[in-house]
Amino acid sequence: MPELPEVQTVLREVVKELQDARIEGLECLYPGTVIVDPELRGIAWPATLTGYERRGKYMLLHLSRGNSLIIHLRMTGKLVSTRIKDEASCHERACILLEGGHKLRFVDIRTFGKITLCRTENIPRFMPNLGVEPLGGDFTPAYLKQLFRQRKTPIKNALMDQTLIAGLGNIYANEILYRSRIDPQTPAGSLSLHKLKRLEEQTRAVLSEAIAMNGTSISDFRRVDDKSGEFQNFLQVYQKEKCPRGHSVQKIKQGGRSTFFCPVCQK
DNA sequence: CAATGATCCTGTCCGC
DNA sequence: TGCGGACAGGATCATT
C-alpha cells in the first residue's frame with residue numbers, strides 16, 4: 001500500500017521520467033479516475049514539468065501553462081513507464097502521454113486512485129486538509145503533545161489520521177509503534193512527552209530507512225520501473241507471527257484496520 | 001469538534 | 001470444481 005516512502009519513491013522516478021520529455025496529454029480510461037478542474041480552460045498540452053513536491057501521500061507535479069497534476073495512488077495505483085515495460089493491462093485507468101509515443105500508464109486494480117489536472121492556484125480546492133509532515137521540522141514531541149491533547153482515540157488511529165499527520169498508513173503505523181515500544185491502543189492524549197520523543201525519533205527513522213530502500217512491496221506495490229522496494233524485508237511486526245525478540249505478535253482490529261503488535265515489548 | 005462506521009472496488013484466499 | 005464470504009485498505013461522507 002503506497003504510504004509516504006512509496007509515494008516518495010514513485011515521485012522521484014516519475015520526475016526522472018517526465019523531466020526531459022514533453023507531456024502531450026492525459027487520457028482517462030476509467031470513469032472518474034481523471035478529474036479536470038472546470039476552471040482549466042484552453043489547451044493544457046503540450047506541457048513540461050516545472051516543479052514537484054510530495055504532500056502526505058499526494059504527488060504534485062507542476063506543469064508549464066500554470067497547471068498541475070495531483071496524483072494519489074490510493075491502495076493499488078501504480079505508474080508504469082512504457083520505456084521499461086510496454087505491456088497492456090486491463091487495469092490501466094489513465095495514461096500520461098509523452099513525446100515520442102512513450103507513456104506513463106496509471107494502472108490501478110481497485111480503481112480508487114485519482115489523477116487531477118487543475119490550475120496550480122486551485123490545488124487547495126482539490127486537496128483535503130493535511131496534517132504535519134512527519135519528516136519536517138515541525139514534527140516534534142512538543143507539537144505531538146499539543147496535537148494529541150484531549151484525544152482519546154488510540155494512538156494507532158491518530159497516526160493514520162491524515163488530518164493530524166500526513167503520510168502514514170497501516171504498515172508504517174504498526175512498525176513505528178513497535179519500534180517506539182508503545183501499545184497501539186494507548187489513548188493518544190495520554191502519551192508522555194518521553195514516549196512522544198521515542199515516537200518522533202522512530203517515525204523519522206522508519207520512514208528514512210524505508211525511503212532509502214525504495215519503499216515496501218507488500219502485495220502489489222511496484223516502482224515505476226516495475227522493481228520492488230526492499231523495506232518489506234525489514235518489517236518487524238506487520239503480518240509477522242513473532243516479533244524480533246521472539247514474542248508472539250497479536251493481531252487486533254482498530255478502526256476497521258489490522259493492527260499487529262507485541263504485548264510484551266509495547267506498553 | 002471528535003469519533004465511528006459504511007462505502008467504494010477487485011483480486012485472493014479459505015471453507016464447504 | 002465452484003461458490004459464497006471474508007479480507008485487504010485510503011479517503012470520504014454520513015451519523016452519533
Side-chain angles (χ1 to χ4, degrees), chain A residues 1-11 28-35 54-60 70-80 89-94 106-116 123-134 144-177 184-191 207 210 215-222 229 231-232 235 237-241 249-261:
Chain A
M1 316 303 131
E3 303 178 33
L4 189 153
E6 290 75 41
V7 174
Q8 190 75 49
T9 299
V10 170
L11 178 60
C28 183
L29 303 171
Y30 182 89
T33 295
V34 170
I35 296 163
R54 179 193 53 73
R55 190 68 185 93
K57 299 174 197 171
Y58 290 80
M59 289 180 266
L60 301 180
I70 307 171
I71 304 180
H72 198 303
L73 304 171
R74 287 294 251 281
M75 275 117 65
T76 54
K78 285 186 269 193
L79 286 159
V80 184
S89 163
C90 59
H91 302 303
E92 186 174 344
R93 311 302 183 189
F106 185 62
V107 177
D108 182 17
I109 294 171
R110 272 173 259 185
T111 73
F112 291 172
K114 298 274 180 278
I115 299 182
T116 301
I123 285 174
R125 278 187 218 175
F126 295 93
M127 298 258 294
N129 287 324
L130 293 174
V132 65
E133 281 290 333
L144 293 176
K145 186 80 191 160
Q146 168 66 23
L147 187 68
F148 295 152
R149 204 168 50 100
Q150 304 290 56
R151 262 174 218 275
K152 298 192 174 92
T153 197
I155 183 60
K156 162 82 177 334
N157 300 38
L159 286 182
M160 290 177 58
D161 184 335
Q162 303 300 301
T163 67
L164 300 178
I165 299 167
L168 303 182
N170 202 32
I171 297 174
Y172 292 105
N174 279 304
E175 294 298 311
I176 288 164
L177 287 168
Q185 301 162 107
T186 313
S190 75
L191 287 168
L207 294 179
T216 300
S217 291
I218 289 277
S219 65
D220 39 25
F221 169 70
R222 291 293 181 279
F231 195 71
Q232 66 279 9
L235 298 176
V237 283
Y238 184 77
Q239 291 183 346
K240 300 289 180 192
E241 301 260 310
V249 169
Q250 205 176 323
K251 182 181 177 185
I252 59 171
K253 283 275 177 197
Q254 288 185 292
R257 303 285 176 261
S258 299
T259 295
F260 296 84
F261 76 109

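In what follows, every chain begins at residue 1, and chains take the letters A, B, ... in the order their sequences are listed.
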So, is [X] near the phosphate of [N], with a side-chain N or O under 4.0 Å from OP1 or OP2?
X         : N       : value
Lys253(A) : dA6(C)  : no
Tyr172(A) : dG9(C)  : no
Ser258(A) : dA8(C)  : yes
His91(A)  : dG11(B) : yes

(request) Please figure out whether Gly255(A) or Cys90(A) has its closest DNA chain B nucleotide nearer the 5' end. (result) Gly255(A)
(message) Once you apply a heavy-atom cut-off of 4.0 Å, does Tyr238(A) come out as touching a base, just sugar-phosphate, or nothing?
(response) sugar-phosphate
Counting side-chain heavy atoms from C-beta on, which of [options] comes nearest to [X]?
X         : options                   : value
Asn170(A) : dG9(C), dA11(C), dA8(C)   : dG9(C)
Phe112(A) : dA8(C), dC8(B), dA3(B)    : dC8(B)
Lys57(A)  : dG10(C), dT10(B), dT12(C) : dG10(C)
Thr111(A) : dA11(C), dG11(B), dC9(B)  : dC9(B)
His72(A)  : dA11(C), dC8(B), dT10(B)  : dA11(C)

(message) Could you check whether the side chain of Arg257(A) and the base of dG10(C) have a donor-acceptor pair of N or O atoms closer than 3.5 Å, going by distance alone?
(response) yes
(message) Any N or O donor-acceptor pair under 3.5 Å from the base of dA3(B) to the side chain of Arg151(A)?
(response) no
Return the value, rounded to whole Å, for the distance between atom [atom1] of [X] and atom [atom2] of [N].
X         : N       : atom1 : atom2 : answer
Arg110(A) : dT12(B) : CZ    : P     : 10 Å
Glu6(A)   : dG10(C) : CD    : C1'   : 13 Å
Ile115(A) : dA11(C) : CD1   : P     : 16 Å
Leu164(A) : dG10(C) : CG    : C1'   : 15 Å
Leu159(A) : dG10(C) : CG    : C1'   : 15 Å
Met75(A)  : dT12(C) : CE    : C1'   : 13 Å
Arg93(A)  : dG11(B) : CZ    : C1'   : 12 Å
Ile35(A)  : dA11(C) : CD1   : C1'   : 12 Å

(message) Before you tell me yes or no, could you show the steps for Gln162(A) and Tyr58(A) under side chain to side chain donor-acceptor pair (under 3.5 Å), namely the whole-Å CA-CA distance, both residues' side-chain angles and the distance that decides it to 0.1 Å?
(response) CA-CA 11 Å; Gln162(A) 303 300 301; Tyr58(A) 290 80; over 6 Å; no
(request) From the options His72(A), Arg55(A), Met59(A), select the one residue that forms a side chain to side chain contact (heavy atoms under 4.5 Å, CB included) with Val7(A). (result) Met59(A)
Do any N or O atoms from the side chain of [X] and from the backbone of [Y] form a donor-acceptor pair under 3.5 angstrom?
X         : Y         : value
Lys145(A) : Leu191(A) : yes
Arg125(A) : Met127(A) : no
Glu175(A) : Val237(A) : yes

(message) So, taking the atom named CG in Leu73(A) and the one named NZ in Lys114(A), what distance separates them when rounded to the nearest 0.5 Å?
(response) 12.0 Å
